[in-house]
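Here is the structure we will look at.
Residue numbering restarts at 1 for every chain, and letters A, B, ... go by the order of the sequence lines.
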Amino acid sequence: MNIRTLVWLEFKQHKSQLISGLLAITLGIAVIVGIRSVSIVSEKAVAVNLDNLGANILVLPQSSNVDNYYAADIDAPTIPEEYVDRIVSSNLSGVDNLSPKLTRRTKIGNENVVLTGILPKNEITSKPMWQQSGLLGNELKANCAPTNSENQSNGYEDEKLQRKVIDSLGADECLVGYAISQKLKLKEGGSIEILGENFRVSRVINETGTVDDDRIFIHLRKAQELLKIPDQVSAIEIMGCCNAISDGLLGKLRNILPDTKITTIGQIVSTQIQTNKMMRNISLIFLIIIIFVGGISIGNFMWANVNERRKEIGMFRMIGFSKTIIYRMFLLKAFMLGILGGIIGYIFGTLAAVWLGPKLAGFSVNPLPNLIAVSLLISIGVSILGTLIPAYLAGRIEPFSNMQEE
Amino acid sequence: MIIKVKNISKSYQKTGRGVLALDDISFEINEGDFVTITGQSGSGKTTLLLSLAGLIKITGGQIHFNNFRIDNANDKYLSDFRKKYVGFVMQSFALIPYLTALENIMLPLAISKISKKEKIKKANTLIELVGLEDRIYHFPRELSAGQQQRIAIARALINEPSLILADEPTGNLDPSLSTDIMNLLKKINNEKHVTILMVTHSPVAAEYGSKKIHLHDGKIISY
C-alpha cells in the first residue's frame with residue numbers, strides 16, 4: 001500500500017462518476033484525433049502528389065464536386081464518352097494524353113471498393129484518329145512530364161499517372177489498389193469476382209496514399225457493361241502542356257464542351273488545401289473548447305469528489321498525511337484521468353476516422369500512432385488544470401472532521 | 001512525562017457569541033498512563049483531545065510532547081508528529097470503505113518508506129492482536145461494528161505510536177462489544193506500554209483509566 005495504490009483503489013471505486021467526468025474530455029480528444037487523422041492523410045496525399053502532377057486538366061460533369069481531386073470522379077454524374085472524340089477531333093495543341101474513366105462505388109464481400117473503368121494504351125492506339133493526334137505517353141515524356149526517375153513509366157513517376165498509360169488490360173483483367181489488395185488478400189495472378197464476373201488480378205499497384213489505394217481498375221468497356229452505363233464516363237483526364245494551359249487551353253476546351261466543368265488539378269488541389277486548412281482550424285477551435293469544457297467538467301467532478309470524501313480526507317490528515325500529500329493524491333488522480341481520457345479519446349477518434357474517412361473523404365485513413373502522444377498531452381494537461389483548485393481545497397480540509405463534535 | 005499541558009485555553013466564535021471551550025487547563029501525563037476524560041456534552045473533552053493532537057490551535061498556554069512544544073508548530077511538523085507518535089481511534093471508526101481490513105490497517109504506512117513486505121507483516125501481526133485474522137480481505141461493510149472498531153484500533157497501532165487518542169471508542173457499540181473494546185485497549189496499554197487518552201461519556205469505560213480527568217465548562221473539576 002502506497003499513495004499510488006491508494007489513489008488507484010479509490011479511482012476504481014467511482015466508475016460511473018468517472019464516465020461522466022471523462023465524457024467531455026474524451027469526446028473532445030476523439031474529435032481532435034478524428035479531424036487530425038483525416039486532415040493529415042489528406043495533407044500527405046496532396047504533398048506526395050502535387051509535385052509530380054505538373055499541368056493536368058480534369059473534365060467533369062457540370063454538377064460534380066471538386067473539393068477532393070482524388071475522389072472527384074466517384075459517384076459523379078456522367079458525361080458522354082463521345083466528348084473524348086470531340087476533344088481529339090478539335091486538334092487542340094497541347095493536349096498530350098486523354099484518359100476517360102467511369103467510376104462507381106461497389107462492394108466486394110463486405111469491403112467497399114471504388115471500381116474504375118479505364119482505357120489501356122493499346123485501346124487508345126487502336127483508334128487511328130488518336131494516333132494521328134499523338135496522344136501517347138511517349139509524346140508526353142518528350143513534352144511536359146518529369147523524366148529523371150529511374151522508376152518512371154512513360155515519363156510518370158507517380159503511380160497514379162502510370163496507370164493512365166497501362167499498355168494493355170484485357171476484358172477479364174483488373175488492377176488492384178494496395179489497400180484493397182490487403183483487405184481482400186489479393187495477389188497478382190489471383191482472381192476476384194466483381195459484380196458477378198470473374199477477373200484476373202494482373203497487377204497490384206504500389207501504395208499511393210490516395211483513394212487510388214481503394215480502387216480496382218478494369219477495362220472501361222467492361223465497367224460500362226457491368227455498371228449498365230453504356231457510352232458514358234465520369235471524367236476525362238487530360239495531360240496538357242503547361243505552356244498550352246497558359247495560352248488558354250482551358251478556355252478552348254470549355255468552348256468545345258460547354259456543359260462540363262473543366263479545371264486544372266492545381267485549382268482542385270488548392271481547394272483541397274483550403275479544406276485541410278479549415279480542418280486544422282476546426283481542430284484548433286475544438287482544442288480551445290476542450291480546454292474550457294473539459295477542464296470545467298473535470299474540475300466539477302473533482303470538486304464533487306472532494307466534497308463527498310471530506311471525512312476520508314480529514315482522516316488522512318489526522319493520521320499524518322500532509323497538505324502536500326493530499327494535493328499530490330488529487331493531482332495523481334487527475335493524471336490517471338488524463339491518461340484514460342487521452343487513450344479512450346484517441347481510440348474513438350481513430351476508429352471514427354478509419355471508419356468515416358473512406359465514406360466522407362473518399363480515402364483510406366490509417367491510425368496515426370504519434371497522435372496518441374498529442375492526445376495524452378492535451379488530456380493530462382486539461383485534467384490537471386481542472387483539478388488544481390479542488391486539490392488545493394482538499395488540502396485545506398480540517399483533519400478533525402471525523403471527531404465527535406461537541 | 002510524555003505530555004505537559006500548561007495553562008491552555010481555547011476560545012472561538014459561535015453564532016456571533018464568544019465561547020470559551022477550554023479555560024486555563026494544566027496537567028501532566030506520564031508514559032504508559034491510561035487517562036480517561038469525562039464530562040457533559042459541551043464541557044470541552046473533544047476540544048482538549050484535538051488540541052493535544054495538534055489538530056486545532058489553542059488560543060493560550062503551551063502543550064509539550066516529549067519536551068517538544070507542539071502548540072505553535074507548523075502543518076508539516078504536526079503531520080509528521082501525528083504520523084510518528086499518535087494513533088487515533090474514533091467513535092465512527094473512520095475506516096475507508098473501498099479498502100479491505102488489511103489495507104485499512106496499513107493505511108498510515110502509505111506515506112512510509114518501508115517495504116511492502118514489511119508493511120504486510122506488521123499489519124498481519126496487528127490483525128492477530130485484535131483477533132480478526134480470518135477477516136483480512138473483508139471490506140468494512142462486511143464487518144460488524146465491534147470488528148470495525150478492532151480494525152480501527154489495529155490501524156492506530158501500525159506506526160507503533162507512543163500515544164493513542166481515542167474519542168468515544170465505545171460510543172457506537174452495545175455494552176458487550178464495549179467491554180471487548182475496552183479490554184483490548186487495556187491490553188494494549190499494559191502489554192505495549194502505549195499511553196492512552198480516551199474521551200468517554202460512559203462511566204463504565206471511564207473506570208478503565210488509571211487517571212481520570214473530569215471537565216466542566218472547559219475547566220478541570222477533578223484529576
Side-chain angles (χ1 to χ4, degrees), chain A residues 1-18 21 301-302 304-333 335-337 391-406, chain B residues 21 39-50 53-56 75-88 90-100 102-113 116 119-120 123 152 155-156 158-159 161 165 167-168 171 199 201:
Chain A
M1 164 81 68
N2 54 28
I3 292 296
R4 267 202 314 277
T5 321
L6 187 60
V7 172
W8 175 242
L9 289 170
E10 195 276 331
F11 191 79
K12 289 196 301 181
Q13 187 68 14
H14 300 101
K15 292 191 189 78
S16 57
Q17 287 178 14
L18 270 179
F301 163 69
M302 284 295 190
N305 190 249
V306 168
N307 270 328
E308 190 183 278
R309 298 171 62 201
R310 290 189 79 80
K311 282 200 161 190
E312 187 182 316
I313 295 164
M315 219 285 294
F316 292 151
R317 296 279 288 119
M318 189 180 276
I319 62 175
F321 286 34
S322 64
K323 285 180 183 177
T324 313
I325 290 174
I326 301 292
Y327 300 150
R328 268 172 45 198
M329 284 173 72
F330 277 88
L331 293 178
L332 186 60
K333 185 171 176 177
F335 184 76
M336 288 177 179
L337 264 175
Y392 172 74
L393 295 172
R396 287 171 61 91
I397 288 175
E398 296 291 356
F400 51 84
S401 50
N402 280 291
M403 302 295 270
Q404 179 199 16
E405 295 294 332
E406 284 195 285
Chain B
Q40 291 178 331
S41 290
S43 60
K45 304 186 297 293
T46 300
T47 306
L48 178 59
L49 207 69
L50 293 172
L55 292 169
I56 57 171
D75 182 74
K76 192 176 180 309
Y77 179 89
L78 288 172
S79 294
D80 207 39
F81 155 71
R82 288 193 294 269
K83 186 177 84 176
K84 285 181 182 164
Y85 302 111
V86 188
F88 291 91
M90 272 76 74
Q91 181 180 353
S92 59
F93 321 132
L95 298 179
I96 306 299
Y98 51 83
L99 300 182
T100 62
L102 192 74
E103 288 165 343
N104 263 293
I105 293 170
M106 286 195 291
L107 183 63
L109 298 179
I111 48 175
S112 156
K113 286 187 168 41
K116 187 182 173 185
K119 288 176 185 178
I120 292 172
R155 180 182 63 193
I158 192 86
N159 273 329
L165 297 175
D167 185 44
E168 297 277 10
V199 164
H201 267 110

B:S79 versus A:F321, closest heavy-atom pair with distance: OG-O, 3.9 Å

Kindly compute the distance separating [atom1] ([X]) from [atom2] ([Y]), expressed to the nearest 0.5 Å.
{"X": "A:M318", "Y": "B:L55", "atom1": "CE", "atom2": "CG", "value": "5.0 Å"}
{"X": "B:K113", "Y": "A:N2", "atom1": "NZ", "atom2": "CG", "value": "11.5 Å"}
{"X": "B:I111", "Y": "A:I319", "atom1": "CD1", "atom2": "CD1", "value": "6.5 Å"}
{"X": "A:T5", "Y": "B:E103", "atom1": "OG1", "atom2": "CD", "value": "8.5 Å"}
{"X": "B:D75", "Y": "A:R396", "atom1": "CG", "atom2": "CZ", "value": "11.0 Å"}
{"X": "A:E312", "Y": "B:L99", "atom1": "CD", "atom2": "CG", "value": "7.5 Å"}

Residue pair B:L107 / A:M315, side-chain heavy-atom distance below 4.5 Å: yes

A:F335 atom CZ, over 12 foreign heavy atoms within 6.0 Å: no

Greater than 12 external heavy atoms within 6.0 Å of B:Y77's OH: yes

Heavy-atom proximity to chain A below 4.5 Å, by part of B:L109: backbone

Between B:K116, B:K119, B:K83, B:R82, the one whose heavy-atom pairs under 4.5 Å with chain A are most numerous: B:R82

Can you tell which part of [X] gets under 4.5 Å to a heavy atom of chain B, answering side chain, backbone, both or neither?
{"X": "A:R317", "value": "both"}
{"X": "A:Q13", "value": "side chain"}
{"X": "A:L9", "value": "both"}

